[in-house]
Structure formats: structure tokens, C-alpha cells
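One structure is given here, and the rest of the page talks about it.
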Amino acid sequence: MGMINKIWNAFMLKRKKVNTNKNLRISGRIYIHGRKGGIFIGENVTIHSSENVNPTSGMNHTHLRTEGTGKIVIGNHVGISHANITAFDSVVIEDNVLIGSGVKIWDTDFHSVDYLDRMQEPDTHVQSASVIIKEGAFIGACAIILKGVIVGKHSVIGAGSVVTKNVPDNEVWAGNPAKFIKSLNNN
């Protein structure tokens, strides 16, 4: 399966015109959806996308999706495990970020909250706002980061949390909705 997955990943990256740098490591099969050329991956990035690597997620693969003019930018030395990242606007993951198993990062509501708008083809008035995960942050397993959120430098998001508002630098947040737990003594 290893060689088949390498061929699959090379095909997906090339077909979707993903801009990659050196030392990209992907275990399993990555799935890339949406427009071509909207995904940028830095150096020394590891992406786990196989239940054989981390069976805790409940998700078997990593999915990266851009729509319209959306873009996903993944910095250097980032680790991602079985995540679902969707950008209608932009999702920026800075350097040295860890994204736990089963995390979802969405910069969009996907659908209008208004019934009449939602029933239109296409769905109109869908809200989107950029997401930024700052340098050195850690997003715990199965957390959900919603549109417009900035997760601060070196901050930690607890497993299973739903983040609906900005998290300052050097703080731990957890819960649904995520709330401040404590400050960290990061330098």
C-alpha cells in the first residue's frame, strides 16, 4: 500500500497544483478538493492520513478543500493528523503548529442561516471569514475551529473544543464553546 499511496499523493498534489516545499511527508492518502492552485505547503510538513498511523480520530484521511478564491497556507514544521480543513476565504496555519487527530478548521458556514437564502441554487449569503492559527499553537484532537477565529501564538485548544472567538497568545482554551482555562508561561 505504501507505494500506491505515494503515487496517489503525487497525483493529487500535481492535479490540484498544490505548491509544496521540501520534506513533505504524507502517510496514507491525502484528499484535495476544490480549485487548483489554492493550497501552499511549507517545508518539513507531516500529514497523517491513514488509520494505521493514528486510529484515534474517527476520520481515516486528511481532507484539504478550497472553494472560489479560497486558499490554505500551511507553514513550516507543521504536523497534521486526519484533519478536515476548508477555505472559502483563507485558512493560514503558521510555523510549528500541531493539529491533532480529527480536527476541523472551517472558515465558512457552508450554508446561509436564512431559510430562503439556503433554498436558492446556489445557496446565497454564505458567511466566510479568514482563520489564522498562529506560530506554535496546538489544536487538540477533534476540536473545531470556526470562521473568523485567530488562535494565538503558542496557545493550546483542548480536545473536542468548539472555538468560536479569538484565543490570545499563550493561553489554554477548552469546551463548547471554548473558554479560557489558564495562561501559559511560554517564552
Side-chain angles (χ1 to χ4, degrees), residues 9 12-24 26 30-49 59 61-113 117-118 122-140 142-157 161-171 173 177-178:
N9 292 333
M12 289 296 289
L13 293 168
K14 185 173 182 171
R15 182 172 161 248
K16 290 298 184 172
K17 298 183 179 180
V18 175
N19 183 342
T20 62
N21 287 291
K22 65 182 179 180
N23 299 324
L24 172 60
I26 302 172
I30 191 168
Y31 290 84
I32 300 170
H33 314 275
R35 77 178 183 91
K36 294 178 181 178
I39 300 174
F40 307 88
I41 300 175
E43 295 181 3
N44 301 309
V45 171
T46 300
I47 299 173
H48 295 305
S49 191
M59 290 176 57
H61 302 285
T62 293
H63 292 259
L64 305 177
R65 175 183 175 197
T66 58
E67 292 293 331
T69 59
K71 66 180 179 178
I72 297 171
V73 178
I74 299 170
N76 302 318
H77 308 285
V78 171
I80 298 172
S81 187
H82 306 94
N84 177 311
I85 302 171
T86 298
F88 281 51
D89 187 22
S90 72
V91 173
V92 176
I93 300 166
E94 294 183 354
D95 297 346
N96 303 306
V97 169
L98 294 177
I99 297 176
S101 187
V103 166
K104 295 169 180 62
I105 302 172
W106 301 326
D107 76 347
T108 181
D109 288 337
F110 293 99
H111 301 284
S112 174
V113 294
D117 290 340
R118 197 169 51 247
D123 190 351
T124 57
H125 300 102
V126 177
Q127 299 295 311
S128 298
S130 296
V131 171
I132 301 171
I133 311 296
K134 289 194 171 183
E135 194 270 325
F138 173 51
I139 313 299
C142 299
I144 301 172
I145 311 296
L146 295 177
K147 74 176 188 307
V149 166
I150 298 172
V151 176
K153 183 177 178 180
H154 301 155
S155 287
V156 175
I157 304 302
S161 298
V162 178
V163 184
T164 61
K165 59 185 175 181
N166 293 344
V167 174
D169 295 349
N170 300 305
E171 290 188 358
W173 282 49

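Sequential numbering from 1 along the given sequence is applied to the chain's residues.
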Mind checking the [atom1]-[atom2] spacing from [X] to [Y]? Nearest 0.5 Å is all I need.
X	Y	atom1	atom2	result
Phe40	Ile74	CZ	CD1	11.0 Å
Ile144	Ile157	CD1	CD1	12.5 Å
Leu146	Trp106	CG	CH2	7.5 Å
Ile72	Ile85	CD1	CD1	6.0 Å
Phe88	Asp109	CZ	CG	10.0 Å
Arg35	Lys17	CZ	NZ	11.5 Å

Main chain of [Y], side chain of [X]: is a donor-acceptor contact present, judged purely on distance under 3.5 Å?
X	Y	result
Asn21	Ile41	yes
Thr66	Ala87	no
His48	His82	no
Asp107	Val131	no
Asn9	Ile30	yes
Ser155	Ala137	no
Asn23	Glu43	no

Do [X] and [Y] have side chains that approach each other closer than 4.5 Å (heavy atoms only, starting at C-beta)?
X	Y	answer
Ile47	Leu24	yes
Val151	Val97	no
Leu13	Ile26	yes
Ile99	Ile105	yes

Measure across [X] and [Y] and return the closest heavy-atom pair with its distance rounded to 0.1 Å.
X	Y	result
Pro177	Thr164	CB-OG1, 4.1 Å
Ile80	Ala83	CG2-CB, 3.5 Å
Ser128	Asp89	CB-CB, 4.3 Å
Ser161	Trp173	OG-O, 4.0 Å
Asp169	Lys134	OD1-CD, 4.2 Å
Lys147	Thr108	CB-N, 3.7 Å

Side chain to side chain donor-acceptor pair (under 3.5 Å) partner of His33, the single match among His63, Lys16, Glu67, Arg65: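 Of His63, Lys16, Glu67, Arg65, side chain to side chain donor-acceptor pair (under 3.5 Å) with His33 is met by His63 alone.
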
Regarding Asn44 and Asn76, is there a side-chain donor-to-acceptor distance under 3.5 Å anywhere?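 No.
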
Show the numbers, then the answer: is there a side-chain hydrogen bond (donor to acceptor under 3.5 Å, both in side chains) between Glu135 and Asn96? CA-CA 6 Å; Glu135 194 270 325; Asn96 303 306; 3.1 Å; yes

Given the rule in the side-chain contact (heavy atoms from CB on, under 4.5 Å) test, do His77 and Asp95 qualify, once you have shown the distances and angles that lead to the verdict? CA-CA 6 Å; His77 308 285; Asp95 297 346; 5.6 Å; no

Partner of Ile150 by side chain to side chain contact (heavy atoms under 4.5 Å, CB included), out of Ile145, Asn166, Ile133: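 That would be Asn166; it is the only one of Ile145, Asn166, Ile133 passing the side chain to side chain contact (heavy atoms under 4.5 Å, CB included) with Ile150.
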
